[in-house]
Structure formats: C-alpha cells, structure tokens
Amino acid sequence: MPQKEKKIPVAMLIIDVINDFNFPEAPLLLKTSAPIAEKIANLKKRAKKEGVPVIYVNDNFGQWQSDKQKLVEYCMEQDGGEFVKKLQPDDDDYFVIKPKHSGFFSTPLSTLLNDLNVQTLILCGVAGNICVLFTANDAYMRGFDVYAPSDCSASNIEEDNKRALILMETTLDADISLSEDLDLPAIIEQANKSKQRKIY
C-alpha cells in the first residue's frame, strides 16, 4: 500500500488576483498592485517548495458559467492581464469561487481547509482593506493563525492598505512581517505543535 502523503498544516490563500479590473477605481488598484505581483509569486514558489498547499480564493466577476481556466483566460484579456499573467494558478493549485468579500462566505473553503488539516493561513492579494481583511477576520474567528505579509496585499489607496494591515495585526493577532522575513519551516513546525481548536 502506498504511503499516505503527509499533510502540511499551513495553507497560502491568494485572494482575487485573477481579476478583470473592470470597475471605476481599477486604475488605482492596478497601480498599487503592480509591486506585489512578484512578491506573491516568490512567496508562492517558496511555499510550494515546502509542500504548503496554495488556494486561490476568487470572485468570478459575473462569469458564473466559467471554470477556472476560462476565468483566468477572460481576466488575462482585460486591462489587468499582465498582473494576472504573473500570478495565474498552477494545475495543482486549489481554486475556490467566492460570491462576496470573505473567502469563507458561502464557499467550500472551510471544508477544504478541514480536509487538508490546515491550522495556519498565509493571506495575500487584493484588495487588502476589503477581501483580504474580511477573509482574515473570518479566519481569526474560526481559530486559524493568520499571516498577512505586508508586501503581498494592495488596496486602491496605500494608506487604506496600511490601516487594514494594522487592524489585522492589532485585532486579529496577524503577523504582518514582510514576505521575505517569513520562516516557512518554522511556521509549519509551529502549526504542527498548535492545539488550537478551529471553528468551522
């Protein structure tokens, strides 16, 4: 019988980066988001090297009949195509569609995280002061340990993003260290030791 693959108790959530940027404030968000694409891509590469599952949590932007690939292709043809191209999911990444701001609202995310035995979440994406913040809040209320690297989220206005990060740090006990300062093996080890009970 083949040996069962060990599950890593940490997951990386990449929020709303597959984006059509088709809204009035999109030029602002595209400008502030440009610097985070490489940071998220590099963190994702490091995470996957450690066996950390990567989960894209994404709006479908009204494309209800689209699957993952169709949604990616649609967004790559829009104004933010270059940003999306840098962060498109790999075949082995998970992909969860969300109808509202939080990745947990009316989605199978909780069930997936439970099946993966995840204890700790690393949150990245846009917008930092809306969807990333709301997802962090719901993760905290469910007992997850939260990391929200400060160079891996962006909002329309930089000051709003900074305020959201401070709120996550002070209210949700999130670690907002820079992505390059995250010691992933140590985070995984800590998650393995954690006995905190999650609420699904």
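Sequence positions, counted from 1, serve as the residue numbers for this chain.
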Under 3.5 Å donor-acceptor, [X] side chain and [Y] backbone:
X    : Y    : value
S155 : N129 : yes
Q88  : K85  : yes
T107 : I97  : no
D16  : D59  : yes
K44  : L87  : no
D183 : A186 : yes
R46  : L182 : yes
S102 : F104 : yes

Checklist entry - Among the clusters formed by ILVMFWY side chains lying less than 4.5 Å apart, do V126 and I130 turn up in the same one? => result no

Checklist entry - Do S153 and N161 have side-chain N/O donor and acceptor atoms under 3.5 Å apart? => result yes

Checklist entry - What pairs of residues pass the side chain to side chain donor-acceptor pair (under 3.5 Å) test when at least one of them lies in residues 162-172, not counting sequence neighbours? => result D160-R163

Item to check | side-chain contact (heavy atoms from CB on, under 4.5 Å), paired with I55, selected from D93, L116, I14, L121 | outcome: L116

Item to check | Candidate pair F83 and F21, rule ring-ring contact (aromatic ring centres under 6.0 Å, His included), full reasoning | outcome: CA-CA 10 Å; F83 177 81; F21 291 95; 5.7 Å; yes

Checklist entry - Would the number of heavy atoms belonging to other residues, nucleotides or ligands and lying under 6.0 Å from OH of Y94 be above 12? => result no

